[in-house]
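Throughout, protein chains are lettered first and strands after them, A, B, ... in sequence-line order, and every chain is numbered starting at 1. What's counted below: heavy atoms across the whole structure, side chains too, no hydrogens, waters or symmetry copies.
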4 protein chains.
Amino acid sequence: MIIKIDFESETPIYEQLRRQIIEGIAKGELKKGEELPSVRQLAEDIGINLHTVNKSYNILKEEGYLVVDRRKGTMVSDIMPKIDENYINNLKEEIKYIIADAYCRGMNKEEFLDLCEKYFHSFVKK
Amino acid sequence: MIIKIDFESETPIYEQLRRQIIEGIAKGELKKGEELPSVRQLAEDIGINLHTVNKSYNILKEEGYLVVDRRKGTMVSDIMPKIDENYINNLKEEIKYIIADAYCRGMNKEEFLDLCEKYFHSFVKK
Amino acid sequence: MIIKIDFESETPIYEQLRRQIIEGIAKGELKKGEELPSVRQLAEDIGINLHTVNKSYNILKEEGYLVVDRRKGTMVSDIMPKIDENYINNLKEEIKYIIADAYCRGMNKEEFLDLCEKYFHSFVKK
Amino acid sequence: MIIKIDFESETPIYEQLRRQIIEGIAKGELKKGEELPSVRQLAEDIGINLHTVNKSYNILKEEGYLVVDRRKGTMVSDIMPKIDENYINNLKEEIKYIIADAYCRGMNKEEFLDLCEKYFHSFVKK
DNA sequence: GTGGTCTAGACCACG
DNA sequence: GTGGTCTAGACCACA
């Protein structure tokens, strides 16, 4: 799996990394139980600081995406995080804002839903 | 229109304010050409510093949501921002991540699209 | 002569007015010795404050573009302002910045000079 | 590169700074990809507040002159801003006024074009 | 009274 | 140590 960091983005590096790992899991590029590169290794590959990779990994562990195995190191969790109340509230807030913005700019519902559908399909296991 | 700031949130105050103004425009609570409260007034109402309000207003001006009439002060622009390449790229990145996250957590497409549809309908002019 | 104010411009109204009067003189739409509308009249026509028109007129008097005649009111001066050291220094600073900006953006010299020439020709008396 | 602020000037400090950075890029004193001093460093050097430097930097980022590399800090962008419709309209308005003023004062076309040419040559890479 | 500018000091996120 | 955020208070230009 290829990680691509935009060092000039407004999004922090650790957040970009975190999102790409989640997207990797969704796409099936990272399978459940699969080992991830070590913090040191990944940091070197991407050309970023150890602490930054560490932060991403820690958040993903916290969220339930990753687990640590004593022998194998960090790997993708077998059980994905749940849809809890907290998650759903954040999601709603985010969607509400995004759609408000899109609506103001004149995007119509069909365009938007098509876009969403497209991404959903790109993740569904073949 | 009522502004509600969560001072505990990780989202900066100016960004919360910015989003609520956009949502207000989408909902029709703020109409095109309508005057907004002065930075001082709004800052006092919300209980934040006027510079923070100023920052929100300035970003919204830059984006094309607000304009300053030198006689009347700040008001909602008659012409909403466009759907340019920059916007669409950001939107796609955001949607891609949100859907990847939702998909991993086991949300199905219909649930997600229903949610989106619901918000779209809440904005459409009756 | 038609005055067109953009109330949403970053340029102050009094400055827009001042510039348009100078441009009117350059174009010959306002001839030397010609009377200008009264402050009150012009303010009403444009839909701006008396003080604002007054400020423009006063600056233009200061600069030598306008003079006040006891009987006729404000009129275009017979003698235009001089090219003094102060003027030339400001001009150079302004031109230096404008050309630096244009140069960085990749505008070539010919394009720029053509533009200048075009405006010069638009002012030359037929 | 030496920054020189005129504290008596009517031009805001942040705007003077902004212009000098653009001129620095045009002259080649600031090369593409070159790192700029931190806001704190530059503020101290010039003897102004860091927020003022910050404002200049932010505007230049918005315009596309600067970028922030999250590892290295602020640097000159590799890609200069474009000549878009907005820029060209502003440029034309500015040039029109400047030439109207110069023309009224009796400056002839050749003098003016020579001045422009001189500045263009001072920026062209040797 | 409005927004714009500038200063100052503090805290935090990031790497 | 870097930039980002927030607060606070002051002065000025503008209308």
Can you run through DNA chain F from 5' to 3' and write each base as (, ), [, ], | or . depending on how it pairs? Watson-Crick or G-U wobble, both distances under 3.5 Å.
||||||||||||||.
Tell me whether R70(B) forms a cation-pi arrangement with F7(C), defined as NZ or CZ under 6.0 Å from the six-membered ring centre and within 45 degrees of its axis.
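Ring-cation test returns no.
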Identify which nucleotide among [options] has an atom closest to any side-chain atom of [X], counting heavy atoms from C-beta outward.
X: K61(D); options: dG3(E), dT7(E), dG3(F); value: dG3(F)
X: Y14(B); options: dT5(F), dC14(F), dC14(E); value: dT5(F)
X: K55(D); options: dT2(E), dG15(E), dT5(E); value: dT5(E)

Given atom [atom1] of [X] and atom [atom2] of [N], what is their separation to the nearest angstrom?
X: I59(D); N: dC6(E); atom1: CD1; atom2: C1'; answer: 13 Å
X: L42(B); N: dG3(E); atom1: CG; atom2: P; answer: 10 Å
X: E10(B); N: dT5(F); atom1: CD; atom2: P; answer: 14 Å
X: L17(D); N: dT7(E); atom1: CG; atom2: P; answer: 11 Å
X: E62(D); N: dG3(F); atom1: CD; atom2: P; answer: 17 Å
X: Y57(D); N: dT5(F); atom1: OH; atom2: P; answer: 17 Å
X: D69(D); N: dG4(F); atom1: CG; atom2: P; answer: 12 Å

With a 4.0 Å cutoff (strictly under), does any side-chain N or O of R70(B) reach OP1 or OP2 of dC14(F)?
no
Give a yes/no on whether any side-chain N or O of T74(D) is located under 4.0 angstrom from OP1 or OP2 of dT2(F).
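So the side-chain polar atoms of T74(D) never come under 4.0 Å of the phosphate oxygens OP1 or OP2 of dT2(F).
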Taking atom types as modelled, find out whether [X] and [Y] have a side-chain donor-acceptor pair closer than 3.5 angstrom.
X: K61(B); Y: N58(B); result: yes
X: Y65(B); Y: D101(A); result: yes
X: Y14(C); Y: R19(C); result: no

Stepwise side chain to side chain contact (heavy atoms under 4.5 Å, CB included) test for K92(A) and Y87(A)
CA-CA 9 Å; K92(A) 281 182 180 172; Y87(A) 167 75; over 6 Å; no
Indicate yes or no: at least one non-hydrogen side-chain atom of Q20(D) is less than 4.5 angstrom from one of K4(D).
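SC-SC contact between Q20(D) and K4(D) confirmed.
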List every contact pair, protein side and nucleotides 9-11 of chain F side both N or O, where the distance is under 3.5 Å.
residue: dG9(F); atom: O6; partner: H51(B); partner atom: NE2; Å: 2.6

If you find the nucleotide of DNA chain E closest to F7(D) and the one closest to T52(A), which residue's nucleotide is nearer the 5' end?
F7(D)
Apply side chain to side chain contact (heavy atoms under 4.5 Å, CB included) to V53(A) and I48(A), showing your working.
CA-CA 8 Å; V53(A) 178; I48(A) 63 177; 3.7 Å; yes
Would you please test R71(B) and I13(C) for side chain to side chain contact (heavy atoms under 4.5 Å, CB included) and show each step?
CA-CA 9 Å; R71(B) 299 161 304 178; I13(C) 295 174; 4.3 Å; yes
Is I13(B) touching bases, backbone alone, or none of the nucleic acid, heavy atoms closer than 4.0 Å?
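Answer is sugar-phosphate: I13(B) comes under 4.0 Å of backbone atoms only.
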Sorted by position of nearest nucleotide on DNA chain F, 5' first, the leading residue of T11(C) and E15(B) is E15(B)
Identified side-chain contact (heavy atoms from CB on, under 4.5 Å) counterpart of L17(D) within the set T11(D), T52(D), L60(D), I46(D):
I46(D)
Residues in side-chain hydrogen bond (donor to acceptor under 3.5 Å, both in side chains) contact with D45(C), at least two apart in sequence or another chain
Q41(C)
